[in-house]
Amino acid sequence: MNQFNKGTTMRTERFLPDWDGDVPTFSRRRVVLYQLPLSVTLLVLLVIYAAVSPAELGDPRLHASIIPHVIIVGVCAAVPWGRLPEQLTLLIPLLDMFAIGLSREVDPHVLSAMGLLLVYPVVWLSTAGPVVGPILTVIGSGLALMPSFVLSDDGDHGTVVRPFLLTFVLVAISISTAIVFRALMMKRQQLDVKDAELQTLLRDAEQRERLVNTIVNTVSVGVLALDEHGDSILISHEQQEHMNCAIEPHQTLAASMPIFSGDMITPIPEAAHPISRAAKGETFADQLVWSKRGDDRVALAATARVMTDDAGNFAGSVLAFSDITSLVTALTAKDDFVGNISHELRTPLTSLLGYLELVKDGSFSLPADVTKYLAVAERNAQRLLRLVTDVLAVAADEFTVSPQPTDLAELLEKRVANARPAAASNKVQLILDQPPSLTAYVDTDQISRVVDNLISNAIKFSPAGGTAKVSVRHTAHNAIVEVSDTGIGMSADEQSQAFTKFFRSPTHSKLAIPGVGLGLLTSKSIVESHGGTLTLTSALGTGTTVTVSLPLSQRDS
């Protein structure tokens, strides 16, 4: 497109008259060009005549017949036709026909073939229209025959027939030429319209291309577009910085952009390279890769979307590489900060709980109110220690589990019993639905934390008079634990962020519901460490149901 645009724009200038009486401007140069074929042909014929009849070159009649042609060429070149009525240009072919008739009479035996030259002015006259052209041709035929009547003394029958035959042939040529000319003009007009449309489309396409290039090179995201064969069709300036290696012959695009895992040593296999995946038609979002820019490490989030043609077939892909180095650095710093603070908190909390335990189990007796206060302090210290432990586990992104055969029915019964005081305090009915016994292969302490988190959420987020239900069932290979409530529920946007670190919905904050936004994430991580799944469904104002699937045996963990 750019190369085409560099060329001169095609002009759609018309140089022949229209059928509606619209006659274009005839410049001096154009009139000379119209006259040129006849003049050149006449010159060639005169050269041939000189070779055939050199003795006739001194004939005054020959000189007299050449003068009109010379005068006509001079008139074509000298007259400023652009300033005169354009119909006057039709006088030139009429004068040509008279001059041709005059030249034929110089030597009827040798120069009689010059009558064929009448075709040139007839073609010119036919451009005046399907009616005007033949009429002018008849007039021109009379002018061409006039020298014959005036100068010839031949009185045979052929002299009577020849004018009518010549006129008839020339008129037929004029009509035929006019028909062809009309068809050509109509076709040309159609092409002019198409050309104008194409020029408009070309300008629009160029404008869109400039807009796309401006947008692509304005955003701070590397953009790479591939065709259906995996070849690049667009590379933004930002992406060129990421692809800092020159593409060698027979080298793939993926090889021109070396990327590594987080250690910046291990290259990512070419099959897993974002460019290779996109070339195969894969769609993905936020694939984290690492690249080098000088001595710096650069974190990139790669996203690919597929392009299709009108038939829905694969037509290429568009990749976006976002530099998220600062974000990854900030998240790492935040996790390090949280981890360090949590370590610092866990040590004094452990010491505090130890001394509380010593006080409670001491040999001396304490007043009842002091024992009550100590129990409250111990309970809150235990809660804070669990929270610190959760923060540390989430920051480390790992949970150590030791699965063993466990009676889930008994475990749930104990956890529900421990939660009943909190449910009674919130005026929430807590229901347990379980079989007499159900053995699953789980870590008892870790799953107890999961169940406690889910029951606590169900109670906290249910209004007074609401219901929280804990149930368990099993399939062929899994135990299914469901914790549901009739509470405030969650919107679709809140559900999409429910497992994000420290996420707290505006509703929870507004209602001053306690929590730090780690319970669901911690529970999900523990369940997945068991080889299970945790899913959440909710509706705003209706309630929430959390479903936990756990393996029944070690083989399925």
Side-chain angles (χ1 to χ4, degrees), residues 382-383 386 389-390 393-394 399-463 465-490 495 498-499 515 518-539 542-557:
Q382 290 283 4
R383 179 176 178 275
R386 287 195 300 271
T389 302
D390 287 346
V394 170
F399 288 85
T400 302
V401 296
S402 300
Q404 57 186 358
T406 303
D407 187 350
L408 272 183
E410 181 182 353
L411 184 150
L412 291 178
E413 187 174 358
K414 291 181 179 179
R415 305 333 300 169
V416 170
N418 289 341
R420 288 197 184 281
S425 177
N426 279 21
K427 298 180 181 180
V428 174
Q429 183 182 9
L430 185 57
I431 301 173
L432 175 62
D433 180 12
Q434 63 175 12
S437 178
L438 177 60
T439 301
Y441 197 77
V442 298
D443 185 314
T444 303
D445 293 337
Q446 297 285 24
I447 294 302
S448 295
R449 291 176 61 191
V450 171
V451 175
D452 287 344
N453 281 336
L454 299 182
I455 294 176
S456 175
N457 286 346
I459 294 172
K460 288 191 299 183
F461 300 137
S462 294
T467 300
K469 182 178 180 181
V470 181
S471 62
V472 62
R473 54 187 173 84
H474 68 88
T475 62
H477 303 287
N478 298 296
I480 309 299
V481 179
E482 287 188 351
V483 180
S484 59
D485 62 66
T486 57
I488 59 179
M490 304 171 68
Q495 292 181 59
F499 298 101
L518 285 176
L520 281 176
L521 176 60
T522 303
S523 300
K524 182 179 177 68
S525 299
I526 292 174
V527 171
E528 291 178 347
S529 297
H530 283 77
T533 60
L534 185 149
T535 58
L536 178 147
T537 58
S538 184
T542 302
T544 301
T545 298
V546 180
T547 303
V548 177
S549 176
L550 295 167
L552 290 174
S553 62
Q554 183 176 8
R555 181 187 60 188
D556 299 310
S557 61

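Everything numeric here is computed off the predicted structure, so don't read it as measured data.
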Please walk me through it: do Thr537 and Thr544 pass side chain to side chain contact (heavy atoms under 4.5 Å, CB included)? CA-CA 6 Å; Thr537 58; Thr544 301; over 6 Å; no

Got a second to check how far Leu552's CG is from Leu438's CG, nearest 0.5 Å? 6.0 Å

Out of curiosity, Ser462 OG to Asp485 CG, how far, rounded to the nearest 0.5 Å? 4.0 Å

Contacts satisfying salt bridge (Lys or Arg N to Asp or Glu O under 4.0 Å) that involve residues 521-533 (not counting sequence neighbours) are Lys524-Glu528

Please identify each residue that fulfils side-chain contact (heavy atoms from CB on, under 4.5 Å) with Ser484, with sequence neighbours left out. Lys469, Thr545

Residues 417-436 side chain polar contacts: donor-acceptor under 3.5 Å, at least two apart:
from   : atom 1 : to     : atom 2 : distance (Å)
Arg420 : NH1    : Leu430 : O      : 2.9
Asn426 : ND2    : Ile459 : O      : 3.4

Pair Leu412, Val481 - check side chain to side chain contact (heavy atoms under 4.5 Å, CB included), show working. CA-CA 9 Å; Leu412 291 178; Val481 179; 4.3 Å; yes

Side-chain donor-acceptor contact under 3.5 Å, Thr486 with Thr467: no

I'd like to know if the side chain of Thr406 reaches the main chain of Gln404, judged simply by a donor and an acceptor atom lying under 3.5 Å from each other, with no hydrogens or angles considered. yes

Under 3.5 Å: donor-acceptor pair, side chain of His530, backbone of Pro403: no

Rounded to the nearest 0.5 Å, what separates atom CG in Asp452 from atom NZ in Lys414? 12.5 Å

Quick check: do Leu534 and Val546 have side-chain heavy atoms less than 4.5 Å from each other? yes

How close do Leu408 and Ala440 get, heavy atom to heavy atom, and via which atoms? CD1-CB, 3.6 Å

Between Ile480 and His474, is a side chain to side chain contact (heavy atoms under 4.5 Å, CB included) present by the stated rule, with each step listed? CA-CA 5 Å; Ile480 309 299; His474 68 88; over 6 Å; no

Side chain to side chain contact (heavy atoms under 4.5 Å, CB included), that's the test. Do Asn453 and Leu520 meet it? Break it down for me. CA-CA 7 Å; Asn453 281 336; Leu520 281 176; over 6 Å; no

CZ/Arg415 to CG/Leu454 distance, rounded to the nearest 0.5 angstrom? 12.5 Å

Side chains of Leu550 and Asn478: does their closest heavy-atom pair fall under 4.5 Å? no

